[in-house]
Amino acid sequence: MVADPALLDAIPDSLIVCNHQGEILWCNKQVHGLLGYCPEELQGQTVELLLPANLRELHQRHRHDYAQAPTLRPMGNAQELFALAKGGRQVPVDIELAPLSWHGERCVAAVIRCRLTKFAQEAEQQTLLRENEERLRRSQAIAKIGTWDWNIPEDRVTWSAEIYNIFGMPQNYKIDGIQTIYDMVFPEDEADFKRYISATKRETSAFVFEHRARKNDGTLCYIRQNGEAFYNAEGDIVRMLGTTQDVTVEHERRRQLQLSQTIFESANDGILATDIDLNIISANPVIEKLCGCSKDQLIGQSVLKFLPQYANLDVLNEVHQVIDEKGAWRGESELLIKNAPDIPVMASVAAIESNDGREDGYIVTITDISKLKINEAQLDFLAHYDQLTRLPNRTSLLRELTARTTQTFTDSSSLYLLYIDLDGFKQINDSQGHSAGDELLFEVAEQLRHCVPNDAFVSRLGGDEFAVVCDFSKDRDAELLAREIIHSLRLQKEFAEISVSISASVGITCCPRDGSDPLELIKKADQAMYEAKANGKDGFEHYSEMVGHLLHRRLQMTSDLSKALVRKELFLEVQPKLHLRDSRAYSVEALARWYHPKLGLIPPTEFIALAEETGQILDLGRQVLTMAAEFIIEWRRAHTSPLSVAVNLSAKQLHDKNLLSDIALIASHHEIDPAWIEFEVTESVVMDNVESSLRLFNALKKMGFRIAIDDFGTGYSSLSYLNKLPIDILKIDRSFIAQLPENQDDLAIVSAIISMAKSLNIEVVAEGVETEGQYRLLGELGCEQLQGYYFSKPGALDSYIQSPWSVWD
């Protein structure tokens, strides 16, 4: 038979033409319907492609026999044959073979018919249908998508199994029309969902709507509904098909993304996102403002262009190493800004990890710390320099002596400390006020700067006391300097009603001859200075054995103080603190006083310092706290208004292991509420051992007492320590208040302290308020409480109980 392709293609059965070697030369389009192959997929392939593996060897033998005698005949001789469809499915077939001439070549045509009965075909179709349904079910479960079908005229709803799973319903849950779907919607979202349904009915359109829903166990989830309406020939809506998808995870991701974006956009710090090479890919508005560039100008730039100090390869490697070890790096830097001064910043870099755990980029946070640096500089200045004279303070002197006393001394080199105290200064302060005294102190500082050698260290220790540290080869050089200082400080001050002469007394110690401990050198120089005063003032004395006579008096005072503590010769006075809220005093400071049977009233500066030095401060402290407790009891018997009492704690008390138990015992014995007592500790004492102070303060706070830092600004502290310490009150040292409101430097410092304290939620008390101008200015600056002679001097306990002070008195 000669092949006519057009004729062969019209045969309703599947037809394959192949040569006697089994190569498929041509097939009609019906092969695709039976076996799933397109004609072009089979041409050039061997016919074994269409045979199951177990029939291929047998087929090759039959093909060889047929080639010897090609005739029209069935294949298989009543055996069951199977063809292998695309995808591996076996199809039962009948095959007839016929010789054929194809383009002049002897070939064979194979007619392939499916041997399935109608029942078998239906069964196979059912199997395929079940397989497809199972695939659909699994796909819906994976995607968390279910389908529903609403027969609108009958209000009958059916849905797939996944909808039961989404809502945690049993598979036999009764479906009651469209209302069943409405019932699954969160009540606040139901009205919107119904509007979408109505609009779809009305406008013949599809809809997509997301809503909240409650699962069967009450769990909140988020659902996306898709729906589309279908109409009959008359245009009436008869059906709506839709899908229900659980998008809770997607919704949470969107929420987190939106939250992250909100934080990114509204953060107070500048935030940059970069790729792995530190090139900027996103920036928030703060960083745009800091750099003076728009986001478009920043994107694509390297972060290192703005933080050039980290462009150094070694430094950058260290940063990467920290990020690898800890996940983030943090350090100070300077932000480089075009045509503007660099800004000090705190930069932090955190790695962004991809899903496989590899670094995919970085988040760089930039915090402007300009104000913090200014505050730290101010606090550092407060810690190490005297505000009035701008000379180094006592803390700086101790640091200088510590450094210089550790050096190696020779026969021709010694360290000399000159301790200077003004003669007659108190008379000026008492008669002309603190402003006149401050003017004199400033002038004294200038005189000292000009009369000492260039390498000398000049310090103001406080009050009218100064110190000079110098290296000399012999005592004579130190004496020449002492004489020069004394000569320079012989001043005559003329005032409206009085003329006062000022001079200086100088005490000299030598290291290593008189010792090498800084505190010991200062103490001995102080003793030598008092010997110079005792010898007529306006002169100098070296520390010597003769000066030791001063110690005898101090020992006598120590003995007298010990007896005074036993005899209870000490008593209290109180000085109120004005609260600007209502111009009342809700707190008073307890001040210890000593009336000596022979010497009369002993200044507290003398006996408290002596008690601290000798250790008697512990007994003194217990007596003061006991008297304060007794005062509180008397007060509460006489008054209904609240009142707390501030009690000072010294350095030695802070290191007393029995302090807490003593305090608890006294409070318990007198049935004192801890909230009625404040403990005041000077800033310098706190900063001597911050960790120890922190432990003590935490214990006192736990017991219910309040903590105040006294003389703030005269010691060294920092924002980080203030934030760590559990303090309630800061008391600004009187030295910063004395020259207000005229002194602008002191004004700036006081304002900074008040602002800083408020930011840390700490109360502020200004000490030493003596004028109406100071009172009004401090009120304007936001200082809540004031204490000083402008309102009241310290007074006896009995008189205060009988006539409690107020601003109207």
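Scope of the values below: all heavy atoms of this structure, side chains included, with no hydrogens, waters or symmetry mates. Note that the structure is a prediction, hence the values are computed from the model and not measured.
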Name the residue from L519, T406, V469 that meets the side-chain contact (heavy atoms from CB on, under 4.5 Å) definition with L401.
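Only match with L401 under side-chain contact (heavy atoms from CB on, under 4.5 Å): V469.
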Can you name the one residue among N648, V647, I709, L649 that meets side-chain contact (heavy atoms from CB on, under 4.5 Å) with E680?
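It is N648; the other options fail the test.
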Would you mind reporting whether [Y] and [X] have side-chain heavy atoms less than 4.5 Å apart?
X: P604; Y: R593; value: yes
X: S488; Y: E484; value: yes
X: P794; Y: Y789; value: yes
X: Y543; Y: I508; value: no
X: L730; Y: V765; value: no

Is [X] atom [atom1] crowded by more than 12 heavy atoms from other residues, nucleotides or ligands, each under 6.0 Å away?
X: F472; atom1: CZ; result: yes
X: H487; atom1: NE2; result: no
X: R476; atom1: CZ; result: no

Would you give me the side-chain donor-acceptor pairs under 3.5 Å for residues 664-673, sequence neighbours excluded?
{"unit_1": "H670", "atom_1": "ND1", "unit_2": "I666", "atom_2": "O", "d": "3.0"}
{"unit_1": "D673", "atom_1": "OD1", "unit_2": "A675", "atom_2": "N", "d": "3.0"}

Among side-chain atoms of D514 and T509, is any donor-acceptor pair under 3.5 angstrom?
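Side chains of D514 and T509: no pair found under 3.5 Å.
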Name all residues meeting the side-chain hydrogen bond (donor to acceptor under 3.5 Å, both in side chains) criterion together with [X]; count only those two or more places apart in sequence or in a different chain, and write none if there are none.
X: E630; result: none
X: D560; result: Q556, H596
X: R399; result: H384
X: S501; result: Q492

Applying side-chain contact (heavy atoms from CB on, under 4.5 Å), name anything that partners R449, two or more places apart in sequence or on another chain.
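If we apply the side-chain contact (heavy atoms from CB on, under 4.5 Å) test to R449, skipping adjacent residues, the hits are R390, L391, A445, E446.
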Audit row: E763, R706, salt bridge (charged side-chain N to carboxylate O under 4.0 Å, His left out) steps and yes/no
CA-CA 11 Å; E763 297 177 27; R706 285 162 54 84; 3.0 Å; yes
Give a yes or no answer on whether the side chain of S799 reaches the backbone of A796 with a donor-acceptor pair at less than 3.5 Å.
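Between the backbone of A796 and the side chain of S799 there is a qualifying donor-acceptor contact (under 3.5 Å).
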I need the D438 CG to F442 CZ distance, nearest 0.5 Å.
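Here the interatomic distance stands at 11.0 Å.
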From S650 OG over to H655 NE2, what is the distance, rounded to the nearest 0.5 angstrom?
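It is 10.0 Å, given to the nearest 0.5 Å.
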Contacts of [X] that satisfy salt bridge (Lys or Arg N to Asp or Glu O under 4.0 Å) - sequence neighbours left out:
X: K701; value: D728
X: D746; value: none
X: R394; value: none
X: R513; value: D475

Looking at [Y] and [X], is any side-chain nitrogen of the basic one under 4.0 Å from a carboxylate oxygen of the acidic one?
X: E691; Y: R695; result: no
X: K652; Y: E612; result: no
X: R637; Y: E634; result: yes
X: K537; Y: D423; result: no

Testing K731, K577, K793 one by one against E589 for a salt bridge (Lys or Arg N to Asp or Glu O under 4.0 Å), which residue passes?
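It is K731, the one option of K731, K577, K793 that forms the salt bridge (Lys or Arg N to Asp or Glu O under 4.0 Å) with E589.
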Is the positively charged end of R636 above the ring of W676, judged by distance under 6.0 angstrom from the centroid and angle within 45° of the axis?
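Verdict for W676: a cation-pi partner in R636.
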Not counting sequence neighbours, list each pair that qualifies as a ring pair (Phe, Tyr, Trp, His ring centres under 6.0 Å) and has a residue in residues 605-625.
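Pairs touching residues 605-625 that pass the test: W594-F607.
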Check: residues 618-628 side-chain donor-acceptor pairs under 3.5 Å, at least two apart:
{"unit_1": "D619", "atom_1": "OD1", "unit_2": "R622", "atom_2": "NH2", "d": "2.5"}
{"unit_1": "R622", "atom_1": "NH1", "unit_2": "D662", "atom_2": "OD2", "d": "2.9"}
{"unit_1": "Q623", "atom_1": "NE2", "unit_2": "L565", "atom_2": "O", "d": "2.4"}
{"unit_1": "T626", "atom_1": "OG1", "unit_2": "R622", "atom_2": "O", "d": "2.8"}

Given the rule in the side-chain contact (heavy atoms from CB on, under 4.5 Å) test, do W635 and V645 qualify, once you have shown the distances and angles that lead to the verdict?
CA-CA 11 Å; W635 170 271; V645 177; over 6 Å; no
